[in-house]
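Hydrogens, waters and symmetry mates play no part in the numbers below; they use all other heavy atoms, side chains included. Every value quoted in this text rests on a predicted model; they were computed, and no experiment measured them.
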Amino acid sequence: MFTDTFNPFLTKSITFCYSCVKCGTEIEEMTTGIPKPKMDAEKDTHNATVDMDIFEIVCPKCEEIYNAQLSSSILAGELYCDNLPDDTEVKKVEY
């Protein structure tokens, strides 16, 4: 599983690119719905303040589906992609 971090307080969108594991096609995805940490949580912990967005990315050539997730807490923001191996080269730009 591929994972990376971002600043949930400053990031408005993330663009990331990688090659499809199945066919090698370059896939570019831009996420604009960055979840914001729940600042009104009763506790000041990661689990109490986490908010997440789950989405699918589909390869335009072979239609391989990638399950991705953005999560944000008071500690950090994290990008996960279940179907990408850890060693996948992913180019990420935060805006």
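- A distance of 10.5 Å separates SG of Cys81 from CD of Gln69, quoted to the nearest 0.5 Å.
- By the 4.5 Å side-chain criterion applied to Ile, Leu, Val, Met, Phe, Trp and Tyr, Leu70 is assigned to a cluster that also includes Phe2, Phe6, Ile14, Phe16, Tyr18, Val21, Ile27, Ile34, Phe55, Ile57, Tyr66, Leu79, Leu84, Val90.
- At distances below 3.5 Å, at least one donor-acceptor pair connects side-chain atoms of Ser72 with backbone N or O atoms of Pro35.
- Among all heavy-atom pairs drawn from Asp51 and Lys36, the shortest one is CB-O, 3.4 Å.
- You'll find the side chain of Glu64 stays beyond 4.5 Å of the side chain of Cys23, heavy atoms only.
- Listed here is the closest heavy atom pair of Thr25 and Pro60: CG2-CG, 4.2 Å.
- Checked by atom type and distance alone, the side chain of Asn83 pairs as donor or acceptor with a backbone atom of Asn67 at under 3.5 Å.
- Here CD of Glu78 is found 5.0 Å from OG of Ser71. Values are rounded to the nearest 0.5 Å.
- Proximity of a side-chain donor or acceptor of Asp86 to a complementary backbone N or O of Met1 within less than 3.5 Å is detected.
- The CD atom of Glu89 lies 10.5 Å from the SG atom of Cys17; values are rounded to the nearest 0.5 Å.
- Looking only at distances, a side-chain donor or acceptor of Lys92 sits under 3.5 Å from a matching main-chain atom of Thr5.
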